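First the structure, in the form of structure tokens, and then the observations on it.
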Protein chains: 2
Amino acid sequence: MTSNLINLFSLNVSSGIPIYRQLIDQIKQAIRMNLLNEGEQLPSVRNLASALQVNPMTISKAFTQLEIEGVLIRKRGVGMLVAEQQNTSISKQLESSLIQFIQTARKQNLSDDEINTIVQQYLSLHSKGKSQ
Amino acid sequence: MTSNLINLFSLNVSSGIPIYRQLIDQIKQAIRMNLLNEGEQLPSVRNLASALQVNPMTISKAFTQLEIEGVLIRKRGVGMLVAEQQNTSISKQLESSLIQFIQTARKQNLSDDEINTIVQQYLSLHSKGKSQ
DNA sequence: GTAGGTGTATTATTATATTAATACACCAAT
DNA sequence: ATTGGTGTATTAATATAATAATACACCTAC
């Protein structure tokens, strides 16, 4: 049942990126790619923990964060479900703003590396992690 | 001399944001606003440390990071100078399209890593000379 | 209510990041 | 070479974040 869903996720313990954050990103990614759809149930905390060889609380931490962000819905005693995704419409918006940016950058003869650098600089400049 | 430059910076020790990072951001901001210009010398580590009531090494850490990023130039025995700014001169149009994109992405709760990934995906997907 | 599944609050442990103390290296001018 | 300025490598102390252990609470089906 859920075992094939487990294959969506793969953790890199020695990457320096916290496990719970890798999981958060991968779940979001899976939802964005429609590998996980609205109403679908995620693998249980214990299943995931066992399959990925980490502590259940680490999984739970990721789930909790995703519930706070409105990505998942917590059903106690049942499991975590994928929430309604407002993203589809916003995704178009995101895509169009990205294309707009890349086209502008290309018109100025910026290389891909330069574009990446600029994005990274702005991300760190405009503070990360916490809202500002 | 440099004392008025010191007034550019103000730290919030209880904000949760690391001191050295606050300083990094504020120095970059000052450069972007032309309050600090190319070749200009920053207040010394000890001056800043004393004025801002923090350890000199904390200031030095910020300086080192900015040197790595190419924002400042280290002159040993002399001081830190503002480097030539290549990135500040990107066009307003490019900047605004980038900000637009990042804001949209952040509204979707995308992490910095995810944003970078998406940009890279689009760059290779829509790369100039290549098919696919 | 019991059994067997779900997630989690609390606490402790461990790892990492941040800050600070100290002693040192570099440079320019004398 | 000495003085007085610059930044920093190394180390230690501290604060914060991430992970894990345990015991618990919730829900459904029986």
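Just so we're on the same page: letters track the sequence lines, and every chain starts at 1. Everything quoted here is computed from the prediction, not taken from an experiment.
- To the nearest 0.5 Å, atoms CD1 (A:Ile31) and CG (A:Leu72) are separated by 5.5 Å.
- Annotation: the span from A:Leu42 atom CG to A:Phe9 atom CZ amounts to 5.5 Å, rounded to 0.5 Å.
- Considering only heavy atoms from C-beta on, A:Ser14 comes within 4.5 Å of A:Asn12 through its side chain.
- Scanning residues 54-63 of chain A for heavy-atom distances under 4.0 Å to DNA chain D yields A:Val54, A:Asn55, A:Met57, A:Thr58, A:Lys61.
- Formation of a donor-acceptor pair under 3.5 Å by the B:Gln26 side chain with backbone atoms of B:Leu11 is not found in this model.
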Using a 3.5 Å cut-off and no angle test, enumerate the donor-acceptor pairs between side-chain atoms of residues 33-40 of chain A and protein atoms at least two apart in sequence or in another chain.
from: A:Asn37; atom 1: ND2; to: A:Asn34; atom 2: O; distance (Å): 3.4
from: A:Glu40; atom 1: OE1; to: A:Asn37; atom 2: N; distance (Å): 2.8

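- Taking CZ of A:Arg106 as the reference point, atom CD1 of A:Ile115 lies at 5.0 Å (rounded to 0.5 Å).
- Using five terminal pairs a side, the axes of the helix from C:dG1-D:dC30 to C:dT30-D:dA1 at its two ends make an angle of 20°, given in steps of 10 degrees.
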Any protein N or O atoms within reach of nucleotides 25-30 of chain D? Criterion: under 3.5 Å, listing atom names and distances.
from: D:dC27; atom 1: O4'; to: A:Arg76; atom 2: O; distance (Å): 3.2

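- Without hydrogens or angle criteria, B:Glu67 side chain to B:Met80 main chain gives no donor-acceptor distance under 3.5 Å.
- Of all nucleotides in DNA chain C having an atom under 4.0 Å from a heavy atom of chain B, the first and last in 5' to 3' order are C:dT18 to C:dC27.
- In this structure, CD1 of A:Ile17 is placed 11 Å from P of D:dT19, rounded to the nearest angstrom.
- Using modelled atom types, one side-chain atom of B:Gln22 and one backbone atom of B:Ile17 make a donor-acceptor pair closer than 3.5 Å.
- Between A:Phe63 and A:Leu48, the closest heavy-atom pair is CZ-CD1, 3.9 Å.
- Residue B:Ile27 is tested with B:Asp25, B:Ile24, B:Leu23 for a side-chain contact (heavy atoms from CB on, under 4.5 Å); the sole match is B:Leu23.
- A search for salt bridge (Lys or Arg N to Asp or Glu O under 4.0 Å) contacts involving A:Lys28 returns A:Glu69, not counting sequence neighbours.
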Discussion item. As a quick check of understanding, evaluate side chain to side chain contact (heavy atoms under 4.5 Å, CB included) for A:Phe101 and B:Ile102, giving each step before the final call.
Written reply: CA-CA 10 Å; A:Phe101 164 66; B:Ile102 289 180; over 6 Å; no
